[in-house]
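Step one of this worksheet: look at the structure below.
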Amino acid sequence: MRPSELVQDDLPDVTSAGTSNGDYAPAARATLGDIEEALKDVVDPELGINVVDLGLIYGLNLDDDGSLTIDMTLTSAACPLTDVIEDQTDTALEGLVDRFAINWVWMPPWGMEKITDDGREQLRALGFNV
């Protein structure tokens with residue numbers, strides 16, 4: 001039987017202490033803070049700074065079913081590296097959410113004012129004048 005065919009009555013009873021043999025303890029639900037921290041592992045391939053500190057994350061929406069929608073932009077709408085960022089995001093969020101989707105947004109356009117203080121320090125260390 002596939003998991004999608006199960007109904008609530010068919011699911012095993014699991015408590016926070018685990019099953020009767022103690023082999024399983026359910027994972028704690030990820031918070032938006034956990035997710036934002038994990039997304040710091042997603043690095044803009046052109047600038048070498050994470051997408052959070054660059055200010056590319058416009059919004060995070062975590063649904064009750066464990067699915068996440070990320071409103072994200074890029075420094076340029078012509079950026080050809082969305083696949084790289086999507087792959088990094090998939091790796092960074094593994095085990096935190098059941099599924100995610102990136103909603104690429106272009107309004108408002110990204111600008112230097114969206115970069116965090118940490119992101120500015122990282123860019124300065126790379127030789128950028130920000």
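The structure presented is a predicted model; accordingly, all values stated were derived computationally and were not measured. The analysis underlying the following values was restricted to heavy atoms, covering all of them including side chains, and did not include hydrogens, waters or symmetry mates.
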Item to check | Gap between atom CD1 of I102 and atom OG1 of T82 - 0.5 Å precision | outcome: 8.5 Å
Next on the checklist: Does any part of the side chain of L32, heavy atoms only, come nearer than 4.5 Å to the side chain of N61, both counted from C-beta?
Outcome noted: no
Checklist entry - Of the non-hydrogen atoms in E46 and C79, which two are nearest, and what is the gap between them? => result OE1-SG, 4.2 Å
Checklist entry - Which atom names give the shortest non-hydrogen contact between A38 and L96, and what distance separates them? => result CB-CD1, 3.5 Å
Item to check | side-chain contact (heavy atoms from CB on, under 4.5 Å) between L93 and L39, intermediate numbers included | outcome: CA-CA 7 Å; L93 296 176; L39 288 173; 4.1 Å; yes
Checklist entry - Is the backbone N or O of A77 less than 3.5 Å from a side-chain atom of W110, with the two atoms forming a donor-acceptor pair by type? => result no
Item to check | E86/W104 under side-chain contact (heavy atoms from CB on, under 4.5 Å): CA gap, chis, key distance, verdict | outcome: CA-CA 11 Å; E86 288 172 352; W104 295 107; 3.0 Å; yes
Next on the checklist: Taking T31's backbone N and O only, do any of them form a donor-acceptor pair with D34's side chain (distance below 3.5 Å, no angle check)?
Outcome noted: yes
Checklist entry - Does the side chain of L47 reach to within under 4.5 Å of the side chain of F128, using non-hydrogen atoms? => result yes
Item to check | N/O donor-acceptor pair under 3.5 Å between T73 side chain and W106 backbone | outcome: no
Checklist entry - Do E36 and I57 have side-chain heavy atoms sitting under 4.5 Å apart? => result no
Next on the checklist: Working to the nearest 0.5 angstrom, can you tell me the gap between D118 CG and L54 CG?
Outcome noted: 11.5 Å
Item to check | Gap separating the CD1 atom of I35 from the OG1 atom of T89, nearest 0.5 angstrom | outcome: 12.0 Å
Checklist entry - Is there a donor-acceptor contact under 3.5 Å from the side chain of N50 to the main chain of D53? => result yes
Checklist entry - Given side chains that start at C-beta, do those of L68 and R99 come closer than 4.5 Å, heavy atoms only? => result no
Checklist entry - Do D41 and Q88 meet the criterion of a side-chain donor-acceptor pair at a distance under 3.5 Å? => result no
Checklist entry - If you draw a 6.0 Å radius around CG in D65, do more than 12 non-hydrogen atoms from other residues or ligands fall strictly inside? => result yes
Checklist entry - Would a distance-only check, ignoring hydrogens and angles, find a side-chain to backbone donor-acceptor pair under 3.5 Å from Y58 to P108? => result yes
Item to check | Salt bridge K40-E37, side-chain N to carboxylate O under 4.0 Å | outcome: yes
Checklist entry - When Ile, Leu, Val, Met, Phe, Trp and Tyr are grouped by side-chain heavy atoms lying under 4.5 Å apart, directly or through other members, which residues fall in the same group as L81? => result V84
Item to check | Shared hydrophobic cluster for M72 and V43 (ILVMFWY, side-chain gaps under 4.5 Å) | outcome: no
Checklist entry - Hey, is the main chain of N129 close enough, under 3.5 Å, to the side chain of R120 for a donor-acceptor pair? => result no
Checklist entry - Between S67 (side chain) and D63 (backbone), is there a donor-acceptor pair under 3.5 Å? => result no
Next on the checklist: Please report the interatomic distance CD1(I70) to CG(N103), rounded to the nearest 0.5 Å.
Outcome noted: 10.0 Å
